[in-house]
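This report refers to the structure that appears directly beneath it.
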Amino acid sequence: MKEQTLSIVKPDAVADGKFGSILQAIEDSGLRVVAARMLQLTRKQAEGFYEVHQERPFFGSLVEFMTSGPVIVSVLEGENAIPTYRKLMGATNPDEADEGTLRKRFAKDIEKNAVHGSDSAENAAIEIAYFFRAIDLVDRGI
Ligand code: ADP
Ligand code: MG
């Protein structure tokens with residue numbers, strides 16, 4: 001099934017100069033970037049994006065981290081894009097991530113873990129609409 005998912009290259013990976021390597025790995029996996037933008041999240045934007053985690057003990061620190069520098073937000077499209085990208089990302093904690101995954105390669109720790117990817121079709125739709133309008137998405141011919 002052709003799907004779209006939202007990806008974020010987080011501030012740690014952008015600061016390390018790794019966004020190019022990450023977008024390359026995404027395209028090498030067969031997924032296609034159909035929209036992309038660099039921005040620095042405001043506190044309000046980060047809090048809104050991670051609203052589901054607002055009761056978690058790490059919420060304040062996560063918002064601090066996500067606003068600490070620029071990110072690259074992008075929309076990825078392809079066959080089963082949501083689980084395909086989650087697999088490419090690897091486990092939330094890089095110590096538990098499989099070899100070759102983005103988090104194994106680029107994450108610093110469980111918080112500064114290089115990338116975000118939507119976890120369901122419902123959340124992908126919400127997260128894509130958080131950053132992009134329909135007119136921002138291009139046709140890559142897949
Ligand atoms: P994922 O990004 O793999 O879907 P979650 O949705 O559980 O993981 O968490 C959202 C983000 O919150 C993680 O990517 C990570 O940056 C941060 N996070 C998750 N768990 C922790 C934790 N125990 N301590 C600090 N930060 C965490
Ligand atoms: Mg999540």
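It should be emphasised that the depicted structure is a prediction, and the values quoted were computed from it without experimental measurement.
Y85 has its side chain within reach of L102: a pair of non-hydrogen atoms, C-beta onward, lies under 4.5 Å apart. Side-chain contact between V115 and I22: present, with at least one pair of heavy atoms (C-beta onward) separated by less than 4.5 Å. Side chains of D119 and I82 form no contact here, defined as non-hydrogen atoms less than 4.5 Å apart. In this structure, the side chains of F106 and K10 stay at 4.5 Å or more apart for every pair of heavy atoms. Proximity of Q4 to L137: side-chain heavy atoms (C-beta onward) are separated by under 4.5 Å at one or more points. Residues T84 and K87 form no side-chain contact, since every pair of their non-hydrogen atoms from C-beta on lies 4.5 Å or further apart.
A distance-only check finds a donor-acceptor pair linking the side chain of N113 to the backbone of I110 [under 3.5 Å].
Summarising the geometry, atom CG belonging to D12 is positioned 8.0 Å from atom OG belonging to S68; distances are rounded to the nearest 0.5 Å.
Between E27 and R32 there is a salt bridge, since at least one side-chain N of the basic residue sits less than 4.0 Å from a carboxylate O of the acidic one.
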Apply salt bridge (charged side-chain N to carboxylate O under 4.0 Å, His left out) to K108 and D16, showing your working. CA-CA 11 Å; K108 294 196 158 52; D16 288 347; 2.5 Å; yes

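Relative orientation of the Y50 and H116 rings is perpendicular, given thresholds of 30° and 60° on the angle between their planes. Relative orientation of the F131 and F49 rings is tilted, given thresholds of 30° and 60° on the angle between their planes.
Results of the side chain to side chain contact (heavy atoms under 4.5 Å, CB included) test with V73 over I128, L39, L41 single out L39 as the only residue that passes.
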